[in-house]
Amino acid sequence: MAKPNPMCPIRIGEACSLCVPGTTGPEDCPLVAEVMRDPDLRARLAELRREHRAY
Ligand code: SF4
């Protein structure tokens, strides 16, 4: 049975396309980990999410 496709936390509104080689999903995505580690990027992501919801 196919696993449901998780959403990418960074590409808001898009499913994870495994764009980072060797990644199996958002859980072990190094790009997601990188953004979450950086307070400025995390704040920017929260802002983008708010904007996304506004449409
Ligand atoms: S591999 Fe990471 S950055 Fe790429 S779509 Fe999946 S969660 Fe998003």
Side-chain angles (χ1 to χ4, degrees):
M1 210 182 358
K3 274 199 296 184
N5 221 358
M7 300 303 280
C8 171
I10 297 171
R11 299 155 166 242
I12 297 165
E14 287 182 33
C16 173
S17 60
L18 304 180
C19 72
V20 180
T23 304
T24 62
E27 302 78 29
D28 66 358
C29 172
L31 207 57
V32 172
E34 192 65 43
V35 169
M36 294 311 167
R37 224 179 0 248
D38 186 315
D40 289 341
L41 285 179
R42 212 167 52 205
R44 178 70 187 129
L45 188 59
E47 203 178 303
L48 286 172
R49 277 171 198 268
R50 274 194 298 275
E51 281 170 20
H52 186 75
R53 270 201 298 270
Y55 292 113

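Atom set for the values below is all heavy atoms of this structure, side chains included, hydrogens, waters and symmetry mates excluded.
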S.K.: Going through the checks in order, is the side-chain contact (heavy atoms from CB on, under 4.5 Å) test met by Leu45 and Met36?
M.R.: CA-CA 9 Å; Leu45 188 59; Met36 294 311 167; 3.9 Å; yes

S.K.: Please name the pair of heavy atoms, one in Asp28 and one in Gly25, separated by the smallest distance, quoted to 0.1 Å.
M.R.: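 That would be OD1-O, 3.0 Å.
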
S.K.: Hey, quick one: are Leu48 and Val35 part of the same hydrophobic cluster, counting side-chain heavy atoms closer than 4.5 Å, chains of contacts allowed?
M.R.: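 In one cluster: yes.
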
S.K.: Please determine whether a side-chain nitrogen of the Lys or Arg among Arg50 and Glu47 lies less than 4.0 Å from a carboxylate oxygen of the Asp or Glu.
M.R.: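 Between Glu47 and Arg50 there is no salt bridge, as every charged N stays at least 4.0 Å from the carboxylate O atoms.
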
S.K.: Might you point out which heavy atoms bring Asn5 and Cys16 nearest each other, and give the distance in Å?
M.R.: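 What the structure gives for the nearest pair is OD1-O, 3.4 Å.
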
S.K.: What are the two closest non-hydrogen atoms of Thr23 and Cys29, and how far apart are they?
M.R.: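 Reported closest heavy-atom pair: CG2-CA, 3.5 Å.
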
S.K.: Roughly how far apart are Arg49 CZ and Ile10 CD1, rounded to 0.5 Å?
M.R.: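 Separation between the atoms: 9.0 Å.
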
S.K.: Under a 4.5 Å side-chain heavy-atom rule over Ile, Leu, Val, Met, Phe, Trp and Tyr, are Leu18 and Ile12 clustered together?
M.R.: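 They do not share one cluster, since no chain of ILVMFWY contacts under 4.5 Å joins Leu18 to Ile12.
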
